[in-house]
There are 2 protein chains.
Amino acid sequence: MRLTRAGEYGIRCVLHLARHGRGTLVSRKEIAARTDVPAHFLAKIAQQLARAGIIEIMQGANGGYRLLADPSEISLLSVIEAVIGEISLNDCVTRPGSCHNSATCAIHRVWGKANRELRDTLRGTNFAAMAAEESCCLTSFPETGAGRRDDSDEARP
Amino acid sequence: MRLTRAGEYGIRCVLHLARHGRGTLVSRKEIAARTDVPAHFLAKIAQQLARAGIIEIMQGANGGYRLLADPSEISLLSVIEAVIGEISLNDCVTRPGSCHNSATCAIHRVWGKANRELRDTLRGTNFAAMAAEESCCLTSFPETGAGRRDDSDEARP
DNA sequence: CGATATAAGACTAAAAATATCTTATATATC
DNA sequence: GATATATAAGATATTTTTAGTCTTATATCG
Ligand code: SF4
Ligand code: SF4
């Protein structure tokens with residue numbers, strides 16, 4: 001009944017990009033450092049965000065990630081579900097077949113309602129407002145992570 | 001982001017008891033068979049429900065479980081949280097200290113709101129209505145579980 | 001007492017989450 | 001084109017959580 005770490009990281013990544021605005025390229029390294037996410041883990045999450053059409057990944061020197069849409073058009077729900085899949089408070093909500101009983105189950109309907117409400121709330125939240133907040137999440141993370149200084153993929157000579 | 005199996009089992013157990021009414025003693029064996037829950041697992045869950053004051057456990061021959069309160073006074077939320085602990089959609093909701101940043105985080109507030117809504121919905125659902133439903137969950141489980149015939153703790157002579 | 005229940009917690013197995021490592025590929029710059 | 005720097009992609013490893021089982025102890029009825 002909780003968000004996974006990957007989901008939380010995905011949100012941080014998009015929020016950081018949203019603060020730079022749509023289309024601005026930001027390196028994975030910077031995002032990882034500023035949002036306190038392991039760089040390699042971020043790579044994986046970014047791939048899922050890219051597949052969902054939320055960000056674009058630029059390879060090569062001076063590569064990085066950029067937002068494809070305007071922050072106001074990106075909902076919290078779409079980011080979360082891009083990373084962890086469709087939200088489902090109980091198995092039978094998204095897979096009614098998992099319980100032979102779901103067709104007539106009173107509890108099933110309660111879960112369905114709660115699930116709908118939750119998704120609607122998250123769908124109703126976009127990144128424009130959050131990015132604009134004076135004290136946003138990500139400004140509080142240190143610019144150069146003390147314990148996470150060197151996340152480069154390359155070995156030093 | 002999903003209910004654990006233990007939570008689901010706890011709900012089934014209470015619902016089954018609710019259908020018998022407050023104070024009626026039902027054996028663990030019967031509950032386990034009718035709700036399709038492993039008997040030993042149910043024992044563990046029942047202990048948590050007992051600690052939360054929802055059911056009472058009677059030991060000895062002809063023992064079993066009984067509801068302490070009227071089904072109308074037992075909310076879905078109380079049963080779930082008795083089994084899986086307080087609902088928390090994200091770590092920082094129940095443990096703000098887990099992220100040094102929660103005090104000023106815009107996303108944090110969204111999670112707080114969503115979490116409150118979810119808990120309110122579950123709090124607003126009690127077992128009286130669900131137990132009264134014509135085709136309740138538990139009637140659909142076979143009376144004698146085909147693959148779960150013998151859940152006795154005792155070895156046969 | 002003896003049969004039949006659950007208590008309590010140790011133990012095991014399976015699954016999922018989290019993170020890392022390795023090899024490959026793309027791009028800018030020289 | 002060569003080189004340095006970036007991400008891609010997926011295999012692998014570690015840790016944590018979930019799910020279930022097993023064993024020994026205790027309570028109650030008849
Ligand atoms: S018993 Fe009802 S709530 Fe539980 S899994 Fe089956 S359909 Fe869902
Ligand atoms: S960054 Fe915000 S939402 Fe994420 S864990 Fe920290 S306080 Fe919670």
Side-chain angles (χ1 to χ4, degrees), chain A residues 1-10 12-13 17 25-33 35-51 55-66 80 83-85 88 90-91 98 145 147-148 150-157, chain B residues 1-10 12-13 17 25-33 35-51 55-66 80 83-85 88 90-91 98 145 147-148 150-157:
Chain A
M1 188 79 69
R2 57 177 242 289
L3 187 68
T4 65
R5 226 139 173 67
E8 161 74 20
Y9 290 165
R12 290 190 198 174
C13 171
L17 288 171
L25 195 67
V26 185
S27 75
R28 183 186 67 174
K29 197 170 169 178
E30 178 189 322
I31 300 171
T35 60
D36 197 28
V37 174
H40 281 70
F41 200 5
L42 177 57
K44 231 175 176 167
I45 295 162
Q47 283 158 34
Q48 297 180 272
L49 293 172
R51 257 179 245 127
I55 69 170
E56 185 182 24
I57 298 174
M58 309 302 290
Q59 279 197 51
N62 307 327
Y65 309 144
R66 69 158 53 106
I80 292 169
V83 177
I84 69 172
S88 182
N90 197 358
D91 254 19
S98 68
R148 195 181 298 280
D150 181 15
D151 275 313
S152 160
D153 285 341
E154 303 296 332
R156 288 291 156 77
Chain B
M1 188 78 69
R2 57 176 243 290
L3 188 68
T4 63
R5 225 136 173 69
E8 161 75 21
Y9 290 165
R12 289 190 197 174
C13 172
L17 288 171
L25 195 67
V26 185
S27 75
R28 184 185 68 172
K29 197 171 169 177
E30 178 189 322
I31 300 170
T35 60
D36 198 28
V37 174
H40 282 70
F41 201 6
L42 178 57
K44 233 176 174 167
I45 295 163
Q47 283 157 35
Q48 297 180 274
L49 293 173
R51 258 178 245 128
I55 68 171
E56 184 182 26
I57 298 174
M58 308 302 289
Q59 280 197 52
N62 306 328
Y65 309 145
R66 68 157 54 104
I80 292 168
V83 177
I84 69 173
S88 182
N90 196 358
D91 254 20
S98 69
R148 195 181 296 283
D150 182 14
D151 275 313
S152 162
D153 285 340
E154 304 295 333
R156 289 290 154 77

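In what follows, chains carry the letters A, B, and so on, assigned in the order in which the sequence lines appear, proteins first and then strands, with residues in each chain numbered from 1.
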Side-chain heavy-atom pair B:I80, B:L3 within 4.5 angstrom cut-off:
yes
Starting at atom CG of A:L17, determine the distance to atom P of D:dT7, rounded to an integer number of angstrom.
12 Å
Atom-to-atom span, CD of B:E8 to C1' of D:dG20 - whole angstrom:
16 Å
Would you say that A:M58 contacts A:L25 through its side chain, given a criterion of any heavy-atom pair below 4.5 Å between the two side chains?
yes
Can you check the A:Y65 OH to C:dT27 C1' distance for me, whole Å?
15 Å
Under-4.0 Å side-chain N/O to phosphate OP1/OP2 contact, B:Y9 with D:dA19
no
Under the 3.5 angstrom rule, does the side chain of B:Q48 hit a backbone N or O of B:V83 as a donor-acceptor pair?
yes
Would you give the length of the straight line joining atom CG of B:D36 to atom CZ of B:R12, rounded to the nearest 0.5 angstrom?
6.0 Å
Test ring pair (Phe, Tyr, Trp, His ring centres under 6.0 Å) applied to B:Y9 - qualifying residues, sequence neighbours left out
B:F41
Under 3.5 Å, which N/O atoms of the protein pair with N/O atoms of nucleotides 9-11 of chain D?
| residue | atom | partner | partner atom | Å |
| --- | --- | --- | --- | --- |
| D:dA11 | N6 | A:K44 | NZ | 3.4 |

Could you measure the distance from the CD atom of A:E30 to the OH atom of A:Y65? Nearest 0.5 Å is fine.
12.5 Å
Atom pairs, N/O to N/O, protein against nucleotides 14-17 of chain C, distance under 3.5 Å?
none

Let me know the distance between CG of A:D36 and P of C:dT18, rounded to the nearest Å.
14 Å
In whole Å, I'd like the distance from the CD atom of B:E56 to the P atom of C:dT6.
14 Å
Find the distance B:F41:CZ to C:dT12:C1' and express it as a whole number of Å.
14 Å
Calculate, to the nearest 0.5 Å, the distance between atoms CD1 and CZ belonging to B:I45 and B:R28 respectively.
11.5 Å
To the nearest Å, how far apart are A:R28 CZ and C:dT25 C1'?
14 Å
Between A:M58 and A:L3, whichever has its closest DNA chain C nucleotide further toward 5' is A:L3
To the nearest 0.5 Å, how far apart are SG in B:C13 and CG in B:L42?
5.0 Å
Return the CD to OG1 distance between A:E8 and A:T35, rounded to the nearest 0.5 Å.
9.5 Å
A:A6 near the nucleic acid: base, sugar-phosphate alone, or nothing, with a heavy-atom cut-off under 4.0 Å?
sugar-phosphate
Whole-Å gap separating C1' (C:dT20) and CG (A:L42):
14 Å
